[in-house]
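Heads up, the thing below is written out as structure tokens.
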Amino acid sequence: MVPRIKKLPRSFYNRPTLKVAADLIGKYIVFESPAGTMSARIVEVEAYIGQGDPACHAARGKTKRNAVMFGKPGFTYVYFIYGMYYCLNFVTEREGFPAAVLLRAAEPVEGIDLMKKHSPRQKEHRLLAGPGKFCKTFGLTRTHNGLDLTGHTIYLEDRQGEPGNVVTTPRIGINHGAELKWRFLDADSSAVSK
DNA sequence: TGAATGATGCGCT
DNA sequence: GCGCATCATTCAT
């Protein structure tokens with residue numbers, strides 16, 4: 001008997017990053033925070049792939065900040081940006097190959113009251129509509145960097161849902177590698193970033 | 001409704 | 001110092 005809800009195993013992340021990114025649309029992210037459990041349906045991601053990708057943080061080699069991208073797949077990479085926001089990534093591909101998928105937007109599912117405590121001014125379908133907003137609303141910070149996605153704090157689930165109307169576009173907010181269509185989103189969702 | 005801007009910290013040159 | 005995988009607000013049309 002195959003369970004209807006299945007936690008994504010490390011083998012899911014240990015694949016070409018573009019495949020992982022495309023497959024993430026319609027999956028669910030679960031965060032078991034001390035204040036309660038939150039979950040959401042992923043509707044927008046971007047791929048950052050290796051030292052040949054000029055927009056990837058690892059493009060200029062390994063540093064203390066991006067070290068987790070060089071490690072095993074299936075871990076979180078959380079970084080601080082613009083003085084006030086965090087962004088959450090999922091590390092992909094084999095150990096030694098730095099790549100990750102940035103989580104840009106999701107639709108709130110469970111723990112919505114808790115999400116609203118973190119972001120009181122947002123309309124419900126906009127609570128997670130952007131990478132900075134996602135981390136603010138989930139309460140994620142640098143302390144959540146390098147966590148094992150096959151563990152029990154943050155993990156992804158396949159709930160056998162439809163991915164929706166998946167399209168690809170150039171990535172947002174970058175200056176180099178902007179011609180690559182490495183952003184994946186469900187165009188029918190009202191929770192994608194603007 | 002779209003463009004410009006300020007907030008703000010940190011990693012890298 | 002500069003630039004950054006952002007976002008909310010302000011200002012102009």
Side-chain angles (χ1 to χ4, degrees), chain A residues 13 16-25 27 29 31 40 42-71 73 75-93 97-108 115-147 149 154 156 166-186 189-194:
Chain A
Y13 306 96
T17 304
L18 293 176
K19 289 195 186 311
V20 176
D23 288 348
L24 280 173
I25 305 299
K27 298 295 191 293
I29 179 168
F31 175 35
I42 296 170
V43 298
E44 181 179 345
V45 300
E46 286 177 1
Y48 289 87
I49 310 176
Q51 299 188 264
D53 175 5
C56 182
H57 285 175
R60 287 174 207 177
K62 186 175 179 177
T63 66
K64 185 180 290 185
R65 178 207 203 192
N66 64 28
V68 66
M69 289 180 89
F70 287 79
F75 283 78
T76 60
Y77 170 45
V78 179
Y79 65 87
F80 186 63
I81 192 75
Y82 297 124
M84 56 180 75
Y85 296 106
Y86 294 94
C87 294
L88 171 66
N89 300 248
F90 310 121
V91 176
T92 60
E93 314 231 14
F97 187 94
V101 176
L102 168 69
L103 175 55
R104 288 192 57 89
E107 297 170 351
M115 295 181 198
K116 286 179 177 171
K117 284 187 183 175
H118 292 141
S119 301
R121 310 187 61 149
Q122 299 293 339
K123 300 281 188 188
E124 184 166 316
H125 71 292
R126 300 263 93 199
L127 276 165
L128 306 172
K133 289 165 74 177
F134 181 90
C135 286
K136 175 178 167 56
T137 298
F138 259 47
L140 297 173
T141 69
R142 70 181 81 252
T143 66
H144 305 284
N145 185 47
L147 294 182
L149 289 164
I154 302 177
L156 303 188
V166 181
V167 301
T168 62
T169 78
R171 293 173 291 182
I172 304 294
I174 58 170
N175 291 309
H176 302 292
E179 73 284 359
L180 299 168
K181 295 174 108 175
W182 286 358
R183 173 175 178 240
F184 298 77
L185 61 115
D186 176 359
S189 174
S190 64
V192 297
S193 68
K194 291 236 211 3

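This structure is a prediction, so every number in the text was calculated from the model and none was measured. Letters go in sequence order (proteins before strands), and every chain restarts at 1.
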Next item on the list: Scan A/R171, A/K194, A/K133, A/R104 and name whichever one has a salt bridge (Lys or Arg N to Asp or Glu O under 4.0 Å) with A/E44.
Entry: A/R104
Spacing of [X] atom [atom1] relative to [N] atom [atom2], expressed in whole Å:
{"X": "A/K194", "N": "B/dT1", "atom1": "NZ", "atom2": "C1'", "result": "11 Å"}
{"X": "A/I81", "N": "B/dA7", "atom1": "CD1", "atom2": "C1'", "result": "14 Å"}
{"X": "A/R60", "N": "B/dG11", "atom1": "CZ", "atom2": "P", "result": "16 Å"}
{"X": "A/K64", "N": "B/dG9", "atom1": "NZ", "atom2": "P", "result": "20 Å"}

For [X], answer base if it contacts any base atom (sugar-phosphate contacts may also be present), sugar-phosphate if it contacts only those atoms, and nothing otherwise; contact means non-hydrogen atoms under 4.0 Å.
{"X": "A/N89", "value": "base"}
{"X": "A/T63", "value": "sugar-phosphate"}
{"X": "A/G83", "value": "base"}
{"X": "A/I174", "value": "sugar-phosphate"}
{"X": "A/K133", "value": "sugar-phosphate"}

Next item on the list: Write out the stems for DNA chain C, ordered by first number and formatted as range with range, counting runs of at least 3 consecutive Watson-Crick or G-U wobble pairs under 3.5 Å.
Entry: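 Listed by first number, the stems are B:1-7 with C:6-12, B:9-12 with C:1-4.
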Check: Once the angle between the rings of A/Y79 and A/H57 is folded into 0 to 90°, is it parallel (under 30°), tilted (30 to 60°) or perpendicular (over 60°)?
Finding: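 Aromatic pair A/Y79/A/H57 classed perpendicular.
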Side-chain donor or acceptor of [X] paired with backbone N/O of [Y] under 3.5 Å:
{"X": "A/N66", "Y": "A/G61", "value": "yes"}
{"X": "A/S193", "Y": "A/A129", "value": "no"}
{"X": "A/T76", "Y": "A/V78", "value": "no"}

Item checked: Ring-ring centroid check A/Y86 A/H144, cutoff 6.0 Å -> no
Check: Closest nucleotide of DNA chain C for A/L88 versus for A/R121: which of these residues is on the 5' side?
Finding: A/L88
Item checked: DNA chain C: 5'-proximal contact among A/L102 and A/Q122 (nearest heavy atom) ->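 Comparing both residues, the 5'-ward one is A/L102.
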Item checked: Interatomic distance, A/T92 atom OG1 to A/Y48 atom OH [nearest 0.5 angstrom] -> 13.0 Å
Check: Name the one of A/V167, A/T168, A/V45 that satisfies side-chain contact (heavy atoms from CB on, under 4.5 Å) with A/L185?
Finding: A/V167
Next item on the list: Find which nucleotide of DNA chain B each of A/M84 and A/N66 is nearest to by heavy atoms, and output the residue with the more 5' nucleotide.
Entry: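 On the 5' side of the pair lies A/M84.
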Check: Which nucleotide of DNA chain C is the first, and which the last, in the 5' to 3' direction, to come under 4.0 Å of a heavy atom belonging to chain A?
Finding: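 First-to-last contact on DNA chain C, by the 4.0 Å heavy-atom rule, is C/dC4 to C/dT9.
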Check: Given A/T169, which of A/E46, A/R183, A/K181 fulfils the side chain to side chain donor-acceptor pair (under 3.5 Å) condition?
Finding: A/R183
